[in-house]
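As structure tokens, the structure follows; a few thoughts come after it.
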Amino acid sequence: RRADAGGPAVEAATAIARTLADRPDGDRVVELGVDLVLDPDGALHPVEVTGKPRGRLELLARNDPRFRPAHDALARGPLAWLAARFARSA
């Protein structure tokens, strides 16, 4: 059952993002980090949602401009994927 968790994980993360986007200040949400846990029965549960996830690459980009293009591409990737996915489903 764990192998097919991608679909439900995407659905759960999307539902969380839509819920946050519907809030009065939702237009400020640009990037989300959604941590999900898969229980032994295969059900997904949200653990944490962060409005601006920070990673090692962001720290590197802040301290060394050579990392900025990689950081920017990484930040745009999930948004581009979601935009393409929603464009197909509309």
One should read off an interatomic distance between Asn63 CG and Arg68 CZ, to the nearest 0.5 angstrom, of 11.0 Å
What pairs with Asp22 under salt bridge (charged side-chain N to carboxylate O under 4.0 Å, His left out), at least two apart in sequence or on another chain? none
Whether Asp64 side chain and Arg66 backbone form a donor-acceptor pair below 3.5 Å: yes
Looking at Val37, Leu38, Leu36, Asp35, which hits side-chain contact (heavy atoms from CB on, under 4.5 Å) with His45? Val37
Which residues pass the salt bridge (charged side-chain N to carboxylate O under 4.0 Å, His left out) test with Arg76, sequence neighbours left out? none
